[in-house]
Amino acid sequence: MSDSGSEAVALPADWSPWRAPSPLDGRPPSPADLAHATAARLRRDDVLPYPTDAESAGRVRLLMVGINPSPWTVAVNAPFARPGNRFWPSLAAAGLADEVVDASRGLSPSDERMLAARGIGMTNLVARPTARADELETHELRAGGRRLLDRVHVLRPRLVAVVGVTAFRTAFAVPRARMGAQEAGALSGWPTGIPLWVVPNPSGLNAHETVESLAEWWRKVWAASAPSSAP
């Protein structure tokens, strides 16, 4: 990736991570922590350069949209944190990260800066944690789709990639959608000029994908999110 090792979005010199660190102080969650995360419906902070969509507008090159967090993820307040998830290894294999991020105990300040500097944002369609995505109700995914649509109008990322085609079909009522770049105008109200992609779910439960096949998807969306004219 020609520009993966350099800052894609300029950060002010005084920028510092704003997201809350893991409340577990660097230890992995216990079964009790996971049960509490589920029962209390804990939330995970979005990964964005700044706390609000308005502040982050124009600073996100690639907005990655997961389905919903696992109990492990919300327990440590880090995306795709459950051990065995192939998200971070595939990001490193694609060149979007310099090394494999170990998010299982939370993100480090250097991880936070790397993501912000490259313009990588992360959110979810649904905030409620579940052990499996198929535990979500249709109305939750539909509401999540509407929220994402509203947020994209404010954030104006260069590209949005939804992780998981089954959830995407449900969230946006497009039962025949396929993975890859979506047709312009396929979703009512989607802002013009912002490409929309669907990529495979990196969960270990998805036996159809490998780290390398997932990395190839990230290479494609990263290339598609590049500015139209290089400096």
Side-chain angles (χ1 to χ4, degrees), residues 1 3-4 8-9 17 19 43-50 53 56-70 72-74 77-82 85-98 100-101 103 107 111-127 129 133 141 144-145 147-168 171-172 177 179-182 187 190-191 194-204 206 209 211 213-226:
M1 201 79 42
D3 61 346
S4 63
V9 178
R19 297 175 69 257
R43 298 173 64 93
R44 173 186 66 73
D45 291 338
D46 285 340
V47 174
L48 291 172
Y50 292 98
D53 292 354
S56 301
R59 295 180 178 273
V60 177
R61 170 173 172 171
L62 173 58
L63 180 65
M64 302 171 174
V65 183
I67 303 170
N68 75 310
S70 69
W72 192 300
T73 280
V74 295
N77 193 32
F80 301 99
R82 183 181 176 87
N85 193 296
R86 294 164 294 183
F87 174 80
W88 294 107
S90 68
L91 224 60
L96 274 66
D98 293 330
V100 178
V101 171
L107 293 179
D111 296 331
E112 301 269 12
R113 181 173 184 87
M114 180 269 294
L115 293 169
R118 298 192 179 174
I120 295 175
M122 300 180 194
T123 188
N124 288 305
L125 286 169
V126 178
L141 289 165
R147 282 192 297 270
L148 178 63
L149 187 61
D150 291 341
R151 295 186 67 187
V152 170
H153 277 279
V154 177
L155 271 169
R156 304 297 302 184
R158 291 184 193 156
L159 186 147
V160 176
V162 177
V163 180
V165 68
T166 301
F168 175 79
F172 294 99
M179 286 189 289
Q182 305 302 297
L187 302 185
W190 189 262
I194 298 181
L196 173 64
W197 283 60
V198 178
V199 299
N201 192 329
S203 167
N206 184 359
E209 301 293 335
V211 168
S213 68
L214 292 165
E216 183 57 30
W217 281 106
W218 291 127
R219 292 186 189 102
K220 290 177 181 177
V221 297
W222 191 248
S225 71

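Under the 4.5 Å side-chain criterion, counting only non-hydrogen atoms from C-beta, V163 is not in contact with V65. Using a 4.5 Å heavy-atom cutoff, the side chains of S56 and L155 are in contact. Counting heavy atoms from C-beta on, the side chains of L149 and L187 never come closer than 4.5 Å. Residues R59 and Y50 meet the side-chain proximity criterion, which asks for heavy atoms closer than 4.5 Å. The closest side-chain heavy-atom distance from F168 to M179 is not below 4.5 Å. Using a 4.5 Å cut-off on side-chain heavy atoms (C-beta onward), P200 and V165 make no contact. Proximity of I120 to V47: side-chain heavy atoms (C-beta onward) are nowhere separated by under 4.5 Å. In this structure, L48 and V60 have side chains that are in contact, with non-hydrogen atoms separated by less than 4.5 Å.
One N or O on the side chain of W88 and one on the backbone of P79 form a donor-acceptor pair closer than 3.5 Å. Under the 3.5 Å distance criterion, the side-chain polar atoms of R44 are left unmatched by any main-chain donor or acceptor of A78. Between the side chain of R118 and the backbone N or O of L96 there is at least one donor-acceptor pair closer than 3.5 Å. No donor-acceptor pair under 3.5 Å is formed between the side chain of R158 and the backbone N or O of L63. At least one donor-acceptor pair closer than 3.5 Å links the side chain of R147 to the backbone N or O of L125.
Applying the side-chain contact (heavy atoms from CB on, under 4.5 Å) test to S70 and every residue at least two apart in sequence or in another chain returns W72, T73, R82. Partners of D111 under the side-chain contact (heavy atoms from CB on, under 4.5 Å) rule, at least two apart in sequence or in another chain, are V101, L107, S108.
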Pair W197-V162, side chain to side chain contact (heavy atoms under 4.5 Å, CB included): steps then yes or no = CA-CA 6 Å; W197 283 60; V162 177; over 6 Å; no
task = Let me see the working for Q182 and V160 under side chain to side chain contact (heavy atoms under 4.5 Å, CB included), right down to the final yes or no.
result = CA-CA 10 Å; Q182 305 302 297; V160 176; over 6 Å; no
inquiry  = Under the criterion salt bridge (Lys or Arg N to Asp or Glu O under 4.0 Å), I'd like the reasoning laid out for R86 against E209: C-alpha separation, chi angles, the key distance, then a yes or no.
reply    = CA-CA 9 Å; R86 294 164 294 183; E209 301 293 335; over 6 Å; no
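Rounding to the nearest 0.5 Å gives a distance of 4.0 Å between CG of D45 and CG of N77. Interatomic distance, L141 CG to L148 CG, rounded to the nearest 0.5 Å: 12.0 Å. The CH2 atom of W218 sits 5.5 Å away from atom CZ of F87, with the distance rounded to the nearest 0.5 Å. The distance from atom OG of S225 to atom CD1 of I194, rounded to the nearest 0.5 Å, is 12.5 Å.
Closest non-hydrogen pair, G164 versus I67, comes out as CA-CD1, 4.4 Å. The two residues S90 and A215 have their closest heavy-atom pair at O-CB, 3.5 Å. The two atoms that bring A127 and P69 nearest to each other are O-CG, 3.3 Å, heavy atoms only.
Salt-bridge formation is detected for the pair D46/R151: a Lys NZ or Arg NE/NH1/NH2 atom is positioned less than 4.0 Å from an Asp or Glu carboxylate oxygen.
Ring orientation note: the planes of W190 and F172 are nearly perpendicular, at an angle over 60° on the 30°/60° scale.
Under the 3.5 Å distance criterion, with hydrogens and angles disregarded, no donor-acceptor pair is assigned to the side chains of N124 and N68.
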